[in-house]
Amino acid sequence: MGSSPFDAWITNDEELKSLLAREWDRQTTTLQLIASENFASPAVMAATGSILTNKYAEGYPGRRYYGGNQIVDEVEDLARRRLTMLFGAEHANVQPHSGANANVAVYQALLDPGDTILAMRLDQGGHLTHGSPASITSKFWNFVSYGVTPRSDVTEHPGEFIDFENVRDLAVRHRPKLIVAGATAYSQLIDPQPFREIADEVGALLMFDSAHVAGLIAGGVHPNPVPFADVVAFTTHKTLRGPRGGAILCREQHAKKIDMAVFPGQQGGPLEHSIAAKAVAFNEASQPAFSQYARQIVNNAQAFAKALAAEGFRIVSGGTENHMVVLDLRDFDAELTGKVAQEVLDLAGITTNRNQIPDDPRSPFVTSGLRVGSAAQTTAGMKEEQFVDIAQLMSRALRQRDDESAIKDVRSRVATMCDQFNPYRNFTK
Ligand SMILES: *Cc1c(COP(=O)(O)O)cnc(C)c1O
């Protein structure tokens, strides 16, 4: 069993140390295909584990409520400067503890309670914070939802797409104060321009939630929403490959309101160790190697989707333009639920998550779909060829799910692949 060099610093807690060693083992001997996950660099992890965790810094650089923030101010300014440069934005807030916090802060900054927001419905690919009844967002604001529409006129990629006529109709009918573009389970490219046009037509503000695709935007393979949206919110830990956290970009005119909504509106002291790690990640994402990485993520996902389709899975939206593939399992096996598929694949060392497909007849806990992503294993160095192999291994494990020795065989092939593509090869002590 390997372990991270950092674990050696935990000298007084054998219980936790052993848990960390087991998780290290899990992450480096099974395939990480959860679309929202990635392998952060050792530099990102080192900054997250740094001395900055000790510092209270309520407020913003130059306007703190505690003393001793001279250096922390420089750290946060470095992160903000790198982030505005990376996306060409006017203002950045790097304090949100998560993507969900960032989204709620944006609503809080731009809207009054009860105002109408037009966003994508959860079961169609939207996020909980886009107005799901289970989310606090739906209790404060009035959400109207758009979804995806099957495109029978498209033969190249028949499947579910955001239907801008539908978005426009809803916008004209409900006059939202804010339109939210962006999704959590949608594999097509989201063009910010038609959203901007619709927002302008009805006098709405536009927020682009690029939680999933922030890294693809930074790498130049997806269009940058910054010139189109009033606000762009995202997570730093998905394709952007930074520490767990959120960030917000906005036009200067909204800067004060956004900052006030994050602190003191919603959060207390910022996590300056995470902000330092965000600064590391923003720098990494500005390097030419990151553009190559972003391109490889998409190439791998496309090879993966093609190979999965060849195994008999129906690909929601007919293909992928980003890092994720959403599978409708019903064509592959009408009896197989997302829940069972996820559990079988877990036994085979393939980590995925069940996901509802558009108009899923099964509940969110059971589902008829599975979501997979290429970002993490691309970081580990895998290419198209490996993703084709993974598609075949997934299919085999699911078809032979009642055969223990078949699952075992897949598990051992997975272990061999993971050994060959360890993201922390040069980091293991
Ligand atoms: C992941 C995600 C979020 C929330 O991020 P957390 O860090 O999990 O809170 C928000 N919006 C979208 C579209 C996401 O995919």
Side-chain angles (χ1 to χ4, degrees), residues 32-38 40 44 48 93-108 117-132 134-138 141 143 145-148 162 178-190 192 195 206-218 222 225 229 231-249 261-262 266-267 270-271 274-275 277-278 281 297 301 316-317 320-326 352-356 358 364 369 371-376:
Q32 308 311 315
L33 299 182
I34 291 179
S36 42
E37 293 184 359
N38 213 325
V44 164
T48 310
N93 187 307
V94 293
Q95 292 193 1
H97 300 334
S98 71
N101 281 34
N103 286 357
V104 176
V106 172
Y107 302 158
Q108 197 179 336
I117 305 176
L118 178 60
M120 198 172 192
R121 216 170 74 204
L122 180 69
D123 74 303
Q124 304 277 304
H127 188 257
L128 283 162
T129 55
H130 297 180
S132 154
S135 158
I136 193 161
T137 56
S138 69
W141 296 281
F143 279 87
S145 304
Y146 60 88
V148 290
I162 292 173
L178 177 71
I179 298 177
V180 180
T184 215
Y186 183 68
S187 58
Q188 293 301 325
L189 192 144
I190 301 180
F195 275 108
L206 176 63
M207 162 179 161
F208 200 102
D209 181 351
S210 57
H212 264 275
V213 293
L216 303 181
I217 295 164
H222 268 221
V231 179
V232 176
F234 54 95
T235 61
T236 47
H237 50 271
K238 296 180 182 174
T239 54
L240 196 52
R241 207 163 66 182
R244 193 151 288 285
I248 302 171
L249 295 169
V262 174
Q266 206 192 127
Q267 297 184 168
L271 312 178
S274 292
I275 289 171
K278 287 171 188 174
I297 288 179
V316 173
S317 290
T320 181
E321 295 288 337
N322 57 28
H323 59 299
M324 70 171 84
V325 184
V326 182
T352 64
N353 68 274
R354 59 179 175 268
N355 210 99
Q356 279 195 301
R371 190 185 64 164
V372 289
S374 61

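Excluded from the calculations below are hydrogen atoms, water molecules and symmetry mates; all remaining heavy atoms, backbone and side chain alike, are included. Residues take their numbers from the sequence shown, with the count starting at 1. Whatever order the structure lists ligands and atoms in, that order sets their numbers, starting from 1.
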Open item on the list: Run the ring-ring contact (aromatic ring centres under 6.0 Å, His included) test against Y186 and tell me which residues pass, sequence neighbours left out.
Closed with: none
TODO: If you have a sec, work out which protein heavy atom is nearest atom 9 (O) of ligand 1 and how many Å separate them, to one decimal?
DONE: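 Here the nearest protein heavy atom works out to A100 N, 2.8 Å.
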Task: Nearest neighbour in protein (non-hydrogen) for atom 3 (C) of ligand 1 - done: H127 NE2, 3.2 Å
Under 4.0 Å to a heavy atom of [X] - the qualifying atoms of ligand 1, by number:
| X | answer |
| --- | --- |
| N103 | 10 (C), 11 (N) |
| G99 | 4 (C), 5 (O), 6 (P), 7 (O), 9 (O) |
| A183 | 13 (C) |

Task: Option whose closest heavy atom lies nearest to atom 2 (C) of ligand 1, chosen from H97, H212, K238 - done: K238
Open item on the list: Heavy-atom distances under 4.0 Å decide this one: backbone, side chain, both or neither, for T184 against ligand 1?
Closed with: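 The answer is both, backbone and side chain.
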Task: Contact check, side chains of V104 and T137, non-hydrogen atoms, under 4.5 Å - done: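 In short, these two side chains touch, coming nearer than 4.5 Å.
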Open item on the list: Quick one, Q95 and I275 - any side-chain contact, counting heavy atoms below 4.5 Å?
Closed with: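 Yes. Closest side-chain heavy atoms under 4.5 Å.
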TODO: Compute the shortest N/O to N/O distance between H130 and ligand 1 and return yes if it is under 3.5 Å, no if not.
DONE: no
- [ ] Would you check the N or O atoms of G245, main chain and side chain alike, for any that come under 3.5 Å of an N or O of ligand 1?
- [x]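 No.
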Task: Aromatic ring pairing W141/Y107, orientation class (parallel under 30°, perpendicular over 60°, tilted between) - done: perpendicular
